[in-house]
Amino acid sequence: MGANELLAELADIGRTSSGGYSRLSWDPATMELREWFAAQAVAAGLELTEDGNGNQVAWWGQGSDALLLGSHLDSVPDGGPLDGPLGVASALAAIGRLKAEGWKPSRPIAVVNFTDEEGARFGVACLGSRLATGAIASDHALGLTDAAGHTLAEVMRARGRDPRLAGPSEWLAAAKYYVELHLEQGRWLAPHDAPVGVASAIWPHGRWRLDFCGQGNHAGATAMVDRYDPMLTYAATVLAARELALDFGQRATIGRVQVEPGSTNSIPSRITAWLDARAESEPGLDALVAGIVERAETAARDDGTTVDVRAESTTGAVDFDPQLRHRLAALLDAPVLPTGAGHDAGILAAKLPTAMLFVRNPTGISHAPQESASAEDIDAGVDALVQVVRELA
Ligand code: GLV
Ligand code: MN
Ligand code: MN
């Protein structure tokens, strides 16, 4: 089956009323996607394994020095159809084509479905690959909680997994290369008039939790000058984040917020907001976040509130293996471009030579239902992946 046909099989899984997808790790939609992946592995004659972190690995041959392909099947809330599934479907399609041609690899090849790449459920991005590489301690990861207050350990147990097995994975430590194909996020490829690009780098990025506390009180009975309203401090922080990111050519987003008690006729007592910040360099990111925190603290003093800031998930700058990316760019005659989006490939790059292929996104929209690529470009991505597999395996 081609990648377009494989993706069509996923069209109804985790669909939202807006036409997008909500597929959070270990929820019913991703459990269905895991079954789909397992069935595809069996149909392709691949041997399916699952590590202690929930990462599914479908093997063509087994052993060390493997070429790993793949991506993830989870999504952000109300995300698009391709961020993640495109890479998994393209890898399965590429392997299917090579097998049908009778081609024999010189090293094991595996397709990986990394669990919880988006970090939409437990707050830490790339949780499956962080656990498998040891980039996050399993004790810490297993204690993370979702919005309902359930820990990762509880959720894994409820899905029949033994959380004591979570942690660094041997299959990954013994691998030779990882190549992840992904939908392009943004429009860096557009000026090159090319369907496929090769990644050079990932901007350093992270997530910070901001807790703004004040005094809950009556909306009608409290004079404006007598208030300690954390909503004001929060609002000043959103504006400061935008202003500072604009000043330095970086990115700062507050896309998630909780209000307590969340009542129309009450001054809130607490606002919790999550900041996503990204910059071209690590010092740039540090300066951006420090600037936003300073502005939040100044606003809190003015408003008689408090603000507490905690990093939840950070990823340093990733410079993909230069030799590998030049080799693949020459092989594919493809442009080389950086990205502001995070990926499991960014986590694996610290452990083994890693590369990414990006498939053109005509609008640049991602993490939204409108995320798209043309059927022709999806086929071009599979063609590129087939060439890469022949080159590296
Ligand atoms: C994942 O897509 C991220 O960049 O946060
Ligand atoms: Mn994403
Ligand atoms: Mn992704």
Side-chain angles (χ1 to χ4, degrees), residues 3 7 10 14 20-25 29-30 33 37 55 69-91 111-130 135-136 178-186 188 197 199 201-209 245 250-256 274-280 285 311-318 320 337-349 354-361 363-373 378 381:
L7 288 164
L10 309 182
Y21 292 91
S22 281
R23 298 160 167 171
L24 270 53
S25 61
T30 54
L33 291 164
F37 182 83
N55 299 311
L69 309 172
S71 193
H72 60 99
L73 294 175
D74 64 305
S75 77
V76 294
D78 210 21
L82 299 177
D83 178 357
L86 179 65
V88 174
S90 298
V111 181
V112 189
N113 167 27
F114 281 107
T115 191
D116 203 354
E117 191 271 351
E118 298 290 2
R121 181 156 183 187
F122 295 100
V124 175
C126 302
L127 199 47
S129 56
R130 281 185 207 269
I136 188 168
Y178 177 54
V179 179
E180 178 168 353
L181 177 147
H182 204 281
L183 176 75
E184 186 196 4
Q185 295 167 294
W188 304 69
I202 299 179
W203 279 22
H205 58 281
R207 301 173 183 191
W208 288 262
R209 175 184 163 131
Q250 299 161 344
R251 316 250 159 97
T253 307
I254 294 182
R256 181 178 161 206
W274 283 264
L275 167 72
D276 179 307
R278 310 190 186 214
E280 206 165 353
L285 181 62
E312 283 199 338
S313 172
T314 54
T315 308
V318 175
F320 286 111
L337 45 134
T339 178
H343 301 283
D344 293 310
I347 305 298
L348 267 65
T354 295
M356 289 194 78
L357 305 183
F358 290 135
V359 171
R360 176 165 54 194
N361 177 340
T363 62
I365 293 175
S366 183
H367 283 187
Q370 294 78 13
E371 184 180 271
S372 72
I378 288 176

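Residues: numbered from 1 along the sequence shown. Note that ligands are numbered from 1 as they come in the structure, with each ligand's atoms numbered from 1 the same way.
For D116 and H72, the side-chain atoms include no donor-acceptor pair closer than 3.5 Å.
Distances between N or O atoms of E118 and those of ligand 1 include at least one value under 3.5 Å. Checked against a 3.5 angstrom limit, the closest N/O atoms of E117 and ligand 1 fall outside it. The shortest N or O to N or O distance between A341 and ligand 1 is not below 3.5 Å.
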Step-by-step side-chain contact (heavy atoms from CB on, under 4.5 Å) determination, D83 to E118: CA-CA 9 Å; D83 178 357; E118 298 290 2; 2.8 Å; yes

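Interface atoms of ligand 1 facing G342, defined by a heavy-atom separation under 4.0 Å, are 1 (C), 2 (O), 3 (C), 4 (O).
Atoms NE2 of H182 and NE2 of H72, as seen from the Mn ion (ligand 3), are separated by an angle of 120°, to the nearest 10°.
From the protein, the heavy atom lying nearest to atom 5 (O) of ligand 1 is R278 NH2, 2.8 Å.
Shown here is E280, whose CD atom has no more than 12 heavy atoms of other residues, nucleotides or ligands within 6.0 Å.
Contacts between H367 and ligand 1 below 4.0 angstrom, taking non-hydrogen atoms only, involve the side chain exclusively. In H182, neither the side chain nor the backbone holds a heavy atom less than 4.0 Å from any atom of ligand 1.
Not a single heavy atom of H205 sits under 4.0 Å from any atom of ligand 1.
Nearest heavy-atom pair, A125 versus R130, reported as atom, atom and distance to 0.1 Å: O-NE, 2.7 Å. Contact detail for P81 and R23: the closest heavy-atom pair is O-NH1, 4.3 Å. Shortest non-hydrogen contact noted between P338 and W188 is CG-CZ3, 3.4 Å.
Of all N, O or S atoms in D83, the one lying closest to the Mn ion (ligand 2) is OD2. As for E118, its N/O/S atom nearest the Mn ion (ligand 2) is the one called OE2.
Note that R256 lies in the cation-pi zone of W274, set by a 6.0 Å cut-off to the ring centre and a 45° limit from the axis.
Taking the six-membered ring for Trp and thresholds of 30 and 60 degrees, H343 and F358 have ring planes inclined between 30 and 60 degrees apart.
Contact annotation: H367 places an N, O or S atom under 2.8 Å from the Mn ion (ligand 2).
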